[in-house]
Amino acid sequence: MPERSDFLRDIVAADLATGKHETVVTRFPPEPNGYLHIGHAKSICLNFGIAQEFGGRCHLRFDDTNPVKEEQEYIDSIEEDVRWLGFDWGEHLYYASDYFEQLYEWAVHLIKAGKAYVDDLSADEIREHRGTLTEPGTESPWRNRTPEENLDLFERMRAGEFPDGSRVLRARIDMSAGNINFRDPVMYRILHSTHPRTADAWCIYPSYDFAHGQSDAIEGITHSICTLEFQDHRPLYDWFIENLPVPSTPRQYEFARLNLTHTVLSKRVLLKLVNEGHVRGWDDPRMPTLSGLRRRGFPAEGIRDLAAMVGVARADSVVEIEMLEHAVRDVLNRTALRRFGVIDPLKVVIENYPEDQVEHLEVPNNPEDESAGTRTVPFSRELWIERDDFMEEPPAKFFRLAPGREVRLRSAYFITCDRVVKDAAGTVVELRCTYDPATRGGSSPDGRKVKATLHWLSAEHAAPATVRLYDHLFTSPHPGSGGRDLFEDLDPDSETVCASAFVEPSLAEPVVGQTVQFERLGYFCADPDSAPGAPVFNRTVTLKDTWAKLQAAGRQGAP
RNA sequence: UGGGGCGUAGCCAAGCGGUAAGGCAGCGGACUUUGGCUCCGCCAUCCGUAGGUUCGAAUCCUACCGCCCCAGCCA
């Protein structure tokens with residue numbers, strides 16, 4: 001049974017209830033011409049989700065009808081990403097190219113019925129004959145060839161007798177139709193190009209319109225779900241189904257694709273970002289690709305949750321990126337282990353702590369999940385704390401460390417700042433503090449309170465680390481809006497590398513791909529660039545930060 | 001001026017003639033050994049606009065306005 005309701009699930013439920021279909025069969029049909037992104041995730045969750053909820057099945061079908069743009073690398077990555085997202089197509093892995101022979105026979109069928117013809121016009125001439133949005137097209141001089149001649153020509157197209165672009169096979173429908181897709185759409189074009197699957201077996205390839213619906217029919221797809229821009233193609237989809245002896249009659253339904261603020265979900269643009277070196281690759285942690293999000297540390301569950309949250313409808317929409325961040329934090333808060341990491345270190349010396357003493361203090365791994373247990377973190381006389389956690393002249397709402405102030409070091413001791421050490425330039429380089437031995441573990445026997453709890457690291461034991469801080473790839477919520485070039489909106493500071501960070505000893509050799517919480521900072525994922533003794537972490541997302549918000553508001557409100 | 005869609009809060013989105021769900025964001029508060037989490041409260045007299053039908057309209061009708069998609073031998 002469906003967990004939620006939307007217009008598509010309503011349709012499926014009704015079709016099942018009336019007996020129109022015994023079982024629901026959907027499909028996710030990517031073209032292997034790029035990596036999957038979070039927009040595809042919405043479609044994957046929809047298609048696989050509906051099949052799951054109604055006890056049907058969902059096929060993975062590669063829509064590989066254009067060898068010029070398609071590559072095996074993309075096929076492999078797509079399979080990996082769909083699996084990672086948490087879905088399984090079982091035995092149902094298909095390729096449109098599996099159906100090339102059948103599609104060819106159906107093309108012949110239409111030629112024999114006088115419903116398709118070989119056109120000798122050039123691409124430019126075809127465009128000129130197509131007319132415009134408000135003016136009807138004009139018929140090609142080759143439109144009335146006999147079936148015999150068309151058959152001969154089509155066979156010779158297949159045999160490789162003609163160069164690319166010299167001829168096409170077109171459906172013979174209506175050059176004056178308001179729907180431009182009916183103005184004799186191209187069914188086959190000549191492409192002497194090696195296909196990742198069929199190699200050089202073919203030099204003519206079916207168009208999307210001639211392949212998609214029939215592929216659905218062959219596989220017994222009941223509900224062929226696609227995005228809004230294909231609405232105009234539906235009558236053509238139906239026309240081929242009605243005019244061909246196909247084994248089933250699938251129906252097409254459209255929904256609004258996912259858009260997110262501060263990002264772009266267009267394979268064309270993503271490919272350009274990669275090719276022009278604006279990012280380091282398809283899996284750059286700033287990319288909205290599934291491989292990028294994975295490398296960044298986003299859990300698959302969070303992405304599925306987002307899909308559920310935004311729902312499915314037919315109105316164009318742009319979802320605020322904050323909703324994704326919420327979904328991700330929600331999952332990570334429950335599941336991520338807590339660790340200490342200091343990104344911008346400031347030295348603290350505890351003057352009344354014995355020179356060579358080391359204590360191993362017990363710290364909870366996840367206060368949200370007691371079963372996660374505890375770990376031990378070394379504590380000593382010299383520590384690192386976060387530079388942002390100290391201010392020499394604290395404003396009213398700042399309640400972290402300041403001269404004369406007492407704060408708690410998480411799971412350790414209360415410390416009080418006695419003295420500030422500066423260098424010649426006046427920069428604070430060290431804090432001299434004292435600790436209260438009675439507060440071991442982080443609470444005072446006399447019940448006295450502190451207003452802040454800081455994370456910390458024993459300087460002697462801390463492991464050096466590189467931390468990469470990420471921000472949205474685009475500064476504008478709507479990149480390219482107002483007539484700007486998209487690329488002008490790229491944030492040059494979307495990645496900040498902090499090479500002098502420290503992490504606790506347990507993270508010196510982290511599990512690559514695992515996302516942990518650096519307490520009070522955010523979630524961080526160990527990157528494959530990590531080397532033994534030189535861990536690299538990607539900031540997945542910050543924790544919500546009330547203090548940062550107050551500061552930002554203060555800056556804005558200042559006179 | 002052709003064809004196809006869509007307009008409910010800052011952003012998503014329920015609602016299907018009986019008097020506006022939920023989530024995100026925001027605001028206020030409680031709690032707190034993460035300024036996190038959690039919890040509580042606030043946040044559309046109104047559903048693109050204008051008419052009409054009805055005892056009753058976001059839901060039905062009419063007109064208008066706005067936005068999106070289509071003129072690849074891409075998908």
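Computed from heavy atoms alone, side chains included, the values below leave out hydrogens, waters and symmetry copies. In what follows, chains carry the letters A, B, and so on, assigned in the order in which the sequence lines appear, proteins first and then strands, with residues in each chain numbered from 1. Small disclaimer: the values here were computed from a predicted structure and weren't measured.
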For [N], what is the paired nucleotide under Watson-Crick or G-U wobble rules, both distances under 3.5 Å?
{"N": "B/C67", "answer": "B/G5"}
{"N": "B/C16", "answer": "none"}
{"N": "B/C24", "answer": "B/G10"}
{"N": "B/C60", "answer": "B/G52"}

Have a look at [X] and say if it touches a base, only the backbone sugar-phosphate, or nothing, with a 4.0 Å heavy-atom cut-off.
{"X": "A/R314", "value": "sugar-phosphate"}
{"X": "A/V318", "value": "sugar-phosphate"}
{"X": "A/T132", "value": "base"}
{"X": "A/P235", "value": "nothing"}
{"X": "A/I126", "value": "base"}
{"X": "A/F398", "value": "base"}
{"X": "A/E325", "value": "nothing"}
{"X": "A/V168", "value": "base"}
{"X": "A/K397", "value": "base"}
{"X": "A/G311", "value": "nothing"}
{"X": "A/L228", "value": "nothing"}
{"X": "A/L121", "value": "base"}
{"X": "A/R400", "value": "base"}
{"X": "A/A315", "value": "sugar-phosphate"}

| query | Just checking, A/R375 and A/F340: is the charged tip under 6.0 Å from the six-membered ring centre and within 45° of the axis? | reply | yes
| message | Check this for me: A/Q72, atom CD, are more than 12 non-hydrogen atoms of other residues, nucleotides or ligands nearer than 6.0 Å? | response | yes
| request: State whether the number of non-hydrogen atoms from other residues, nucleotides or ligands found under 6.0 Å of A/W142 atom CH2 is greater than 12. | output: no
[M] and [N], which share atom name [atom1], separated by this distance in whole Å:
{"N": "B/U49", "M": "B/C42", "atom1": "P", "result": "27 Å"}
{"N": "B/C69", "M": "B/G28", "atom1": "P", "result": "39 Å"}
{"N": "B/A14", "M": "B/A21", "atom1": "P", "result": "15 Å"}
{"N": "B/G10", "M": "B/U34", "atom1": "C1'", "result": "30 Å"}
{"N": "B/C12", "M": "B/A75", "atom1": "P", "result": "31 Å"}
{"N": "B/C31", "M": "B/C40", "atom1": "P", "result": "15 Å"}
{"N": "B/G5", "M": "B/C16", "atom1": "P", "result": "23 Å"}
{"N": "B/C60", "M": "B/U1", "atom1": "P", "result": "26 Å"}

Provide, to the nearest angstrom, the distance between the [atom1] atom belonging to [X] and the [atom2] atom belonging to [N].
{"X": "A/L361", "N": "B/U33", "atom1": "CG", "atom2": "P", "value": "18 Å"}
{"X": "A/F379", "N": "B/U33", "atom1": "CZ", "atom2": "P", "value": "19 Å"}
{"X": "A/Y188", "N": "B/C74", "atom1": "OH", "atom2": "P", "value": "14 Å"}
{"X": "A/N66", "N": "B/C73", "atom1": "CG", "atom2": "P", "value": "12 Å"}
{"X": "A/D164", "N": "B/C73", "atom1": "CG", "atom2": "C1'", "value": "10 Å"}
{"X": "A/F210", "N": "B/G72", "atom1": "CZ", "atom2": "P", "value": "21 Å"}
{"X": "A/F230", "N": "B/A75", "atom1": "CZ", "atom2": "P", "value": "9 Å"}
{"X": "A/R329", "N": "B/U34", "atom1": "CZ", "atom2": "P", "value": "18 Å"}

| Quick one: which of B/A71, B/C16, B/A25 gets closest to the side chain of A/E320? | B/A25
Does the [N] base have a donor-acceptor partner in the side chain of [X] within less than 3.5 Å?
{"X": "A/Q517", "N": "B/U34", "value": "yes"}
{"X": "A/H129", "N": "B/A71", "value": "no"}
{"X": "A/E519", "N": "B/G36", "value": "no"}
{"X": "A/N179", "N": "B/G4", "value": "no"}
{"X": "A/E368", "N": "B/G36", "value": "yes"}

| task | Anything under 30° is parallel, anything over 60° is perpendicular, the rest tilted; go ahead and classify A/H472 against A/H262. | result | parallel
| message | Which label fits A/Y413 and A/Y435: parallel for a plane angle under 30°, tilted from 30 to 60°, or perpendicular past 60°? | response | perpendicular
Phosphate-side-chain proximity, [X] and [N], N/O vs OP1/OP2 below 4.0 Å:
{"X": "A/T546", "N": "B/G36", "answer": "yes"}
{"X": "A/R189", "N": "B/A75", "answer": "yes"}
{"X": "A/H455", "N": "B/U34", "answer": "no"}
{"X": "A/T65", "N": "B/A75", "answer": "yes"}
{"X": "A/K549", "N": "B/A25", "answer": "no"}
{"X": "A/R130", "N": "B/C70", "answer": "no"}

| message | Check A/E301 with A/R334, please: is the shortest side-chain N to carboxylate O separation under 4.0 Å? | response | yes
| So, A/R410 and A/E519, do they make that salt bridge, N to O below 4.0 Å? | yes
| query | Has A/W547 got its ring stacked on the base of B/G35, with centres under 5.5 Å and planes less than 30° apart? | reply | yes
| message | Quick check: do A/Q231 and A/C226 have side-chain heavy atoms less than 4.5 Å from each other? | response | no
| Does the side chain of A/D119 come within less than 4.5 Å of A/R143's, by heavy atoms? | no
| query | Is the glycosidic angle of B/G72 within 90° of 0, making it syn, or outside that range, making it anti? | reply | syn
| said: Could you check whether any side-chain N or O of A/Y205 sits under 3.5 Å from a backbone N or O of A/S193, counting only pairs where one atom can act as donor and the other as acceptor? | reply: yes
